[in-house]
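Letters A, B, ... mirror the listed sequences (proteins, then strands); counts begin at 1.
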Amino acid sequence: MYEAILIAGFGGQGVLSTGQLLAYAGMLEGKHVSWIPSYGPEMRGGTANCGVTISDSPISSPVVSEPTSLIVMNRPSLEKFEESVVPGGLLLVNSSLIDIKATRKDIRVYYIPANELAEELGDARVAGNVILGALLELTGVVSLDAVEKSLREVLPAHRHKLIPLNRRALETGAALVRRSTAVRAG
Amino acid sequence: MAKVLMKGNEAIGEGAVRAGCRYFFGYPITPQSELPHYLAKRLPEVGGVYLQSESETAAINMVYGAAGAGARVMTSSSGPGISLMQEGISYLAGAELPCVIVNMIRGGPGLGNIAPAQSDYFQATRGGGHGDYRVIVLAPASVQEIIDLMRLAFDLADRYRNPVMVAGDGILGQMMEPVELGEEEDVQIPPRPWAATGRMGGEKKLINSLYIVPEELEQHNLKLARKYALIASKEQRWEEYRLDGARLVLVAFGTVARICKAVVDRCREEGLAVGLIRPITLWPYPQKAFEPLMGKVDSFLVVEMSLGQMVEDVRLAVNGRHPVHFYGRCGGMLPVAADVVQEVKKLYGGEGN
């Protein structure tokens, strides 16, 4: 098993912490993991991304230049990174904020209205976990339980009341892609 | 003990604290600012002192002062900041003061950029300061190895009364990986009878690098040279990877060595006998790693994030007995495994090997 996942969006969308959560869950499952942020001359409100690698064997380069899966939370990220996905790879598009379609025909594409689903759950801030839930369902890279356990370990005790909401967000994303099939562009 | 997910820069800080370091002086610079950030919180917890200096020049001289007073002390920076510290590093080496200096290397020369690079290899191993001196240089390749090497860095600094540099790159500092921290030990810092902690009725203790009489400075230089020769004979460290029957041997350190391991695996799958030497000490250079391979391999390929600096040390170690080739990316660009595999295939079994 080798998954190189790139998660990209606006600063403030929780892109980096979603990636950390995923890496932490992989660690709890005893896999080799690495997480690396973009650390260029970024600014608040600008784009941010991180690469997470989860593998059964030691990770050579932590840099995710050819993702097997790509999550894009905003339009500039789709435009910038769509080309980098490996053929046959997976692309998850946050269709709440991205009004264009992917153009690649050799990858699986899912459109997920993550912000709207998160708002229906009661908090727009769990949009990242809605789309993460979809990724877990489609790749099986880590279990949903491992992500919940990671939240329990990473969040301070007074934030633990948010865990059920985050769990529902993950399940919502997973359920959505269970019901639908990949959309191919073109 | 459970693993924790940690950034490389944070691991340097935690590794230093666990090695008994209680004093940090530095000035922020990307891509290592998480390290002072971490220590600003962590050092006061263990009764230590974190101080942000007004400049890198000030920081290295604060290190000189703390080391002279017998403390386990550290500073860190990246490229341009390390350049500013060179005068102080020369003084520390001349005065034989133990300390640890971290360089998370970024693209240069000049202001360059903040992306990962290995182009400070010459500066680290040849000495960017003046005079006949050497600095021990350690090059970790993973967040776990950072934890392990920080302890070694402080121990070597004490054992030889010499500055030790830990050289990483932007990727190593920024990435998170699981680490096993182990139990926190009660570190016993070796006694420092030379430290300037007061005369206490005994001999005067003067920490200085000034030897105004040529005969005396020559004796001091020769004494330092004997120390460096001892370090060179006893402290070479490296990792070997799939060298069994290798015809072409890759040589790479730090982040690039990780990429080269993937290259070795891919080549071996295709039936090419390729292996890897990963220097862990950049000075002393692990020349001993090369001797057993002489006459048994075809050639070497050195891969670096620079235009070719360590390749000179490989050529010195091989000493004309085999061809030594080079492949590098620079400016903050990373060698891609597929490109290195292509380079291997060009050289493997070809003419001039």
Side-chain angles (χ1 to χ4, degrees), chain A residues 2 4-7 15-43 46 48-68 84 86-87 142 146-147 149-156, chain B residues 2-9 30-34 78 104 106-107 111 113-116 141-145 169-180 241 250 252 254-266 276 278 303 305 329 332-341:
Chain A
Y2 172 85
I5 300 142
L6 189 67
I7 309 175
V15 162
L16 300 184
S17 48
T18 300
Q20 280 185 16
L21 189 60
L22 181 58
Y24 205 100
M27 179 179 77
L28 290 186
E29 289 194 345
K31 295 175 170 118
H32 293 272
V33 303
S34 69
W35 171 96
I36 187 154
S38 57
Y39 71 96
E42 320 285 9
M43 59 182 181
N49 72 73
C50 67
V52 178
T53 308
I54 302 181
S55 174
D56 291 328
S57 48
I59 294 160
S60 54
S61 171
V63 176
V64 178
S65 48
E66 296 173 324
T68 57
S84 68
V86 296
V142 293
V147 175
K149 188 154 178 257
S150 304
L151 282 169
R152 212 165 289 286
E153 295 200 7
V154 173
L155 291 177
Chain B
K3 286 188 172 180
V4 292
L5 198 60
M6 218 172 197
K7 260 195 172 193
N9 283 332
T30 308
Q32 60 81 58
S33 292
E34 294 85 358
S78 182
M104 300 311 270
R106 53 188 257 174
L111 205 47
N113 63 26
I114 58 175
S142 70
V143 181
Q144 181 69 57
E145 195 179 25
D169 61 66
I171 288 181
L172 200 58
Q174 295 294 325
M175 73 185 294
M176 284 180 116
E177 280 186 318
V179 289
E180 188 108 40
Y241 186 66
L250 295 167
T255 298
V256 181
R258 298 170 65 118
I259 296 164
C260 284
K261 275 190 184 175
V263 172
V264 168
D265 290 343
R266 282 195 212 178
L276 169 73
R278 176 175 75 88
V303 186
M305 285 195 284
R329 295 296 300 272
M333 300 301 292
L334 213 65
V336 178
D339 293 343
V340 183
V341 169

Asker: Hey, are the side chains of A:Val33 and B:Leu5 touching, using non-hydrogen atoms and a 4.5 Å cut-off?
Answerer: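 SC-SC contact between A:Val33 and B:Leu5 confirmed.
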
Asker: How long is the straight-line distance from CD1 of A:Ile59 back to NZ of B:Lys261, given to the nearest 0.5 Å?
Answerer: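 Taking NZ in B:Lys261 and CD1 in A:Ile59, the distance rounds to 12.5 Å.
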
Asker: In Å and rounded to the nearest 0.5 Å, what is the CD to SG distance from B:Gln174 to A:Cys50?
Answerer: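 Interatomic distance, B:Gln174 CD to A:Cys50 SG, rounded to 0.5 Å: 12.5 Å.
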
Asker: Which atoms of B:Thr30 are under 4.5 Å from chain A, going by heavy atoms: the side chain, the backbone, both sets, or neither?
Answerer: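 Interface part for B:Thr30: side chain.
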
Asker: Enter the distance from A:Ser57:OG to B:Asp265:CG here, rounded to the nearest 0.5 Å.
Answerer: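 If we round to the nearest 0.5 Å, A:Ser57:OG and B:Asp265:CG are 8.0 Å apart.
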
Asker: Taking side chain as everything from C-beta outward and backbone as N, CA, C, O, which of these in B:Leu334 sits under 4.5 Å from a heavy atom of chain A? Side chain, backbone, both or neither.
Answerer: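 Contact with chain A: side chain only.
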
Asker: Counting only non-hydrogen atoms closer than 4.5 Å, does A:Leu28 touch chain B with its backbone (N, CA, C, O), its side chain (CB onward), both, or neither?
Answerer: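 Contact with chain B is absent: no heavy atom of A:Leu28 under 4.5 Å.
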
Asker: Can you tell me how far CE of A:Met27 sits from CE of B:Met6, rounded to the nearest 0.5 angstrom?
Answerer: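 The CE atom of A:Met27 is 11.0 Å from CE of B:Met6, to the nearest 0.5 Å.
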
Asker: B:Val336 versus chain A, heavy atoms under 4.5 Å apart: side chain, backbone, both or neither?
Answerer: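 Interface part for B:Val336: neither.
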
Asker: Between B:Ala262, B:Pro178, B:Cys260, which has the largest tally of heavy atom pairs under 4.5 Å with chain A?
Answerer: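 Max contact count across the listed options: B:Pro178.
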
Asker: Would you mind checking which part of A:Glu66 comes under 4.5 Å of any heavy atom in chain B, side chain (CB onward), backbone (N, CA, C, O), both or neither?
Answerer: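 The answer is neither part of A:Glu66.
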
